[in-house]
4 protein chains.
Amino acid sequence: MSASRVGRPRSERARLAVLQATRDLVLAHGYEAVTLVEIAAAAEVGRQTIYRWWRSKEALVADAVLEQTLSLDPRVVTPSGDLSRDLHEWVEDSIARMADSDAAALYRALLAASAVDDAAAARMTAAFSDPLRAAVTAAFESTGRGRYADVAADVLIGVMLNAIVTRDTPARERIGVVVDVLVRGTAE
Amino acid sequence: MSASRVGRPRSERARLAVLQATRDLVLAHGYEAVTLVEIAAAAEVGRQTIYRWWRSKEALVADAVLEQTLSLDPRVVTPSGDLSRDLHEWVEDSIARMADSDAAALYRALLAASAVDDAAAARMTAAFSDPLRAAVTAAFESTGRGRYADVAADVLIGVMLNAIVTRDTPARERIGVVVDVLVRGTAE
Amino acid sequence: MSASRVGRPRSERARLAVLQATRDLVLAHGYEAVTLVEIAAAAEVGRQTIYRWWRSKEALVADAVLEQTLSLDPRVVTPSGDLSRDLHEWVEDSIARMADSDAAALYRALLAASAVDDAAAARMTAAFSDPLRAAVTAAFESTGRGRYADVAADVLIGVMLNAIVTRDTPARERIGVVVDVLVRGTAE
Amino acid sequence: MSASRVGRPRSERARLAVLQATRDLVLAHGYEAVTLVEIAAAAEVGRQTIYRWWRSKEALVADAVLEQTLSLDPRVVTPSGDLSRDLHEWVEDSIARMADSDAAALYRALLAASAVDDAAAARMTAAFSDPLRAAVTAAFESTGRGRYADVAADVLIGVMLNAIVTRDTPARERIGVVVDVLVRGTAE
DNA sequence: GTGTAATCGAGACGGTACGTCCAGTCTTACA
DNA sequence: TGTAAGACTGGACGTACCGTCTCGATTACAC
């Protein structure tokens, strides 16, 4: 079990510098405009070091974005029984997290990476849609509306995605109303 | 003021061949993998001819996709007064159009093009979100629920976008339920 | 048979600029230190343009050197019957051509290229050794010493090669004496 | 003054394995194609160990080649007084050594290394040209033809060099005749 | 008909990013 | 301290593609 690795160990410093540089540059210039040469230079790292750990620009961006940004989910872990309050709480938290940071821009980068790299797409789903769907499902099932769980998740994921993709801030602010409509529309 | 053009006129045949080749290749290999050299070869057209009509690969893809695919909207032109029936009709039509063809794949290409080219993004919004929002707004206002118009549009656009982006067929089939929830949740 | 080429024709300006830049940089920094990036920049040419016309750095250097430098041979075209005078004349001419210019440095570059690229080696032989051997052979045969032709060529080629490779100026100046020894040693 | 070394002593085994691996690989693939990674792997040695003994790839190749191959000279240590016999003896010995082994290929590697590394060039001259010149000079001076010593050395070095560089086997076999011409041409 | 001028297919051009490869250095654990 | 292993920075390599430019050939309109 000792595995006793041999040779120089991976430089955590380099890995973190690359991830940070990637985030900074993606935010500054957008996903498509960023090049690995720039990232390597900004991270003060050899280009080969990047390729040693990520097999493509897409995989790197997916990692860089997910590592720091994606924690939209873990709030609605235990439904309180009050569906409306649970959803509002979660949604407001998500909006806040998206608003304060440059998270939306990073998500867009992730979306672009997903278009090229299937693994990035899978990671994005796993980190974004799946937990959200699970949380929403738990909340709905605990209030006896389990049959609407998937639809509710569709709606919430879709609305957030749309607000991100289209850079539509008003839509972001209307998400609270979406929750109300959802709660009311799935009653009985 | 006649403007009487001189010289060889542009070839409509070439323009159409390019659009068709673009669609075919985007469907076959995806947006990122397609190159203008391939498109030009498939369309039996010189590369410069493409640039005479479109200023970039992104603009071309936007045109190619929008020209054929994007007619999600014109169905709900006149609200009948029955909100639920109007929305269902429109939504079922949209789903059908998305299901039978490779429309979803083309939308994804359009999304990718939008990430690089602002004009493509604007065109996508103009052709996809705006008409949808207008139609939904008209339907809601004609039934006295105008204050929910934007939210309803957010929800429908978002749900469709999500189904497209994530290639989630079940979600596509649940859109009818979304309409029901929406109608019920915005009552009174 | 007209061949009537289609497409943009090759840019002679670019070709000449690349060859000149190659010569300049090889003289300035030596063969091994020169990179195609530098050559492309100095010639104000795209890198791909170089690769379009030469399949490697070696082939380019061979071309660049041979294009301008290699005219050691054509002097001894018609043997006069006086072997000693013919050889001296040719040898002095060769030495002069090697001395005044940077020819020796270019030859060394060519030699280095030949080590990597067989085609370059063949071209070097064809342009340097073969004509020299032919001229020497003609001179020897016309004076009834044909059986020494090859040996004489070996000697003269070798002596010049050595003077080039080892940057041995005194050896260069002794070539006249070599001719005398050669003429005397092959008499009768 | 004891200098009493501390720590693990250097491994002579490693040094010899590196030299042997270098020779093998240079012979198998040529100088330019060989990499230090390959050499280290073949010698079952760490890469750093190589750099502890040699400061560059060129220095290593120079050492590897010279260590085994270069002993062209020591035969004509004491001139016998019979110039022709001395030269023939030496030359035949040299040819034999060059023919049986892969010495010519190794020389070419050495030549390539010399192009990059001045020290390698100096070592090559010291090991190849200088002793040869000394031996030839001794032989010529002991027979009263001292004034031809340098020229004779030029010729013999050049002829051998040419045979090596151009892979010209016939030229190698004509070296005996060169000696005859040289002896005859420098008489009186 | 003939001239003129813009378009056409073809393909080279400058430029730039990619992903690979290697040299020479550095950092581990082990001997 | 020397060693094998292997990651590190740095930078050249050769390929691919973009958007532009330059050919000869084509094609419509103006004369």
Side-chain angles (χ1 to χ4, degrees), chain A residues 2 4-11 13-15 32-38 40-41 43-57, chain B residues 4-11 13-14 32-38 40-41 43-58, chain C residues 2 4-11 13-15 33-38 40-41 43-53 55-57, chain D residues 5-11 13-14 32-38 40-41 43-58 116:
Chain A
S2 60
S4 127
R5 301 274 293 100
V6 104
R8 181 176 177 171
R10 168 174 184 175
S11 161
R13 196 218 116 254
R15 195 186 130 262
E32 314 281 350
V34 171
T35 71
L36 283 187
V37 176
E38 286 173 337
E44 297 187 298
V45 141
R47 200 132 59 93
Q48 185 57 43
T49 299
I50 299 183
Y51 283 106
R52 219 186 308 276
W53 300 113
W54 295 277
R55 43 179 252 297
S56 66
K57 179 184 168 184
Chain B
S4 94
R5 306 271 288 100
V6 158
R8 180 176 180 171
R10 289 196 183 172
S11 159
R13 198 218 113 256
E32 313 281 350
V34 170
T35 71
L36 282 187
V37 175
E38 285 173 337
E44 297 187 299
V45 141
R47 202 129 61 93
Q48 184 58 43
T49 299
I50 298 182
Y51 283 102
R52 226 184 306 274
W53 289 88
W54 298 275
R55 42 178 259 294
S56 68
K57 179 184 171 186
E58 286 75 35
Chain C
S2 62
S4 128
R5 300 274 294 103
V6 104
R8 180 175 177 172
R10 169 174 186 172
S11 161
R13 196 220 115 252
R15 195 185 131 261
V34 171
T35 72
L36 284 189
V37 175
E38 287 173 337
E44 299 187 296
V45 141
R47 200 134 59 93
Q48 185 57 45
T49 298
I50 298 181
Y51 285 108
R52 217 185 312 275
W53 301 114
R55 40 180 257 295
S56 66
K57 179 182 169 185
Chain D
R5 309 272 287 102
V6 159
R8 181 174 179 171
R10 287 198 185 172
S11 158
R13 196 218 115 254
E32 314 280 350
V34 171
T35 71
L36 283 186
V37 175
E38 286 174 335
E44 297 186 299
V45 141
R47 205 127 61 91
Q48 186 56 44
T49 300
I50 298 181
Y51 283 102
R52 226 183 305 276
W53 290 89
W54 298 274
R55 42 178 260 293
S56 69
K57 179 184 170 186
E58 286 73 36
V116 174

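Each chain gets a letter, A, B and so on, in the order its sequence line appears, and its residues count up from 1.
When all heavy atoms of Ala33(C) and Glu38(C) are compared, the pair lying nearest together is O-OE1, 3.8 Å. Contact detail for Glu32(D) and Lys57(D): the closest heavy-atom pair is O-NZ, 3.9 Å. Counting all heavy atoms, side chain and backbone alike, Val45(C) lies closest to Ile50(C) at CG1-CG1, 4.1 Å. Across all their heavy atoms, Arg13(C) and Ala43(C) have their closest contact at NH2-O, 3.4 Å.
Of the listed nucleotides (dC23(F), dA30(F), dG6(F)), dA30(F) has the atom at the smallest distance from the side chain of Val6(B).
Judged by distance alone with a 3.5 Å cut-off, a donor-acceptor contact links the side chain of Arg8(B) to the base of dT7(E).
With axes fitted over five pairs at each extremity, the angle between the ends of the helix from dG1(E)-dC31(F) to dA31(E)-dT1(F) is 20° (10° resolution).
In terms of position along DNA chain E, the nucleotide closest to Gly7(C) lies nearer the 5' end than the nucleotide closest to the other residue of the pair Gly7(C) and Arg15(C). Comparing Pro9(C) and Arg52(A) by the nucleotide of DNA chain F that holds the closest heavy atom to each, the one mapping nearer the 5' end is Arg52(A).
The OG atom of Ser56(C) lies 8.5 Å from the OH atom of Tyr51(C); values are rounded to the nearest 0.5 Å. Between the CZ atom in Arg47(B) and the OG1 atom in Thr35(B) there is a gap of 8.5 Å [rounded to 0.5 Å]. For the atom pair CD of Glu44(B) and OG1 of Thr49(B), the computed distance is 12.5 Å after rounding to the nearest 0.5 Å.
If you check every strand for non-hydrogen atoms under 4.0 Å, Ser56(D) touches sugar and phosphate atoms only. Here Arg55(B) lies out of heavy-atom contact (under 4.0 Å) with every strand.
Rounded to whole Å, atom P of dG6(F) lies 18 Å from atom OH of Tyr51(D). With rounding to whole Å, Glu32(D) atom CD is found 11 Å from dA23(E) atom P. Atom CD1 in Ile50(C) sits about 16 Å away from atom P in dA12(E), given to the nearest Å.
Phosphate contact (OP1/OP2 of dG11(E), side-chain N/O of Trp53(C), threshold under 4.0 Å): absent. Thr49(C) has no side-chain polar atom (N or O) that falls below the 4.0 Å cut-off from OP1 or OP2 of dA12(E). Checking the phosphate oxygens (OP1, OP2) of dT7(E), a side-chain nitrogen or oxygen of Arg10(B) falls inside 4.0 Å.
Applying the salt bridge (charged side-chain N to carboxylate O under 4.0 Å, His left out) test to Arg55(B) and every residue at least two apart in sequence or in another chain returns Asp117(B).
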Which atoms of nucleotides 10-12 of chain F (N or O only) lie under 3.5 Å from a protein N or O atom, and what are those distances?
residue	atom	partner	partner atom	Å
dA12(F)	N6	Arg47(A)	NH2	3.3

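In this structure, Arg15(A) is not positioned above the aromatic face of Trp53(A) in the sense of NZ or CZ being under 6.0 Å from the six-membered ring centre and within 45° of the axis.
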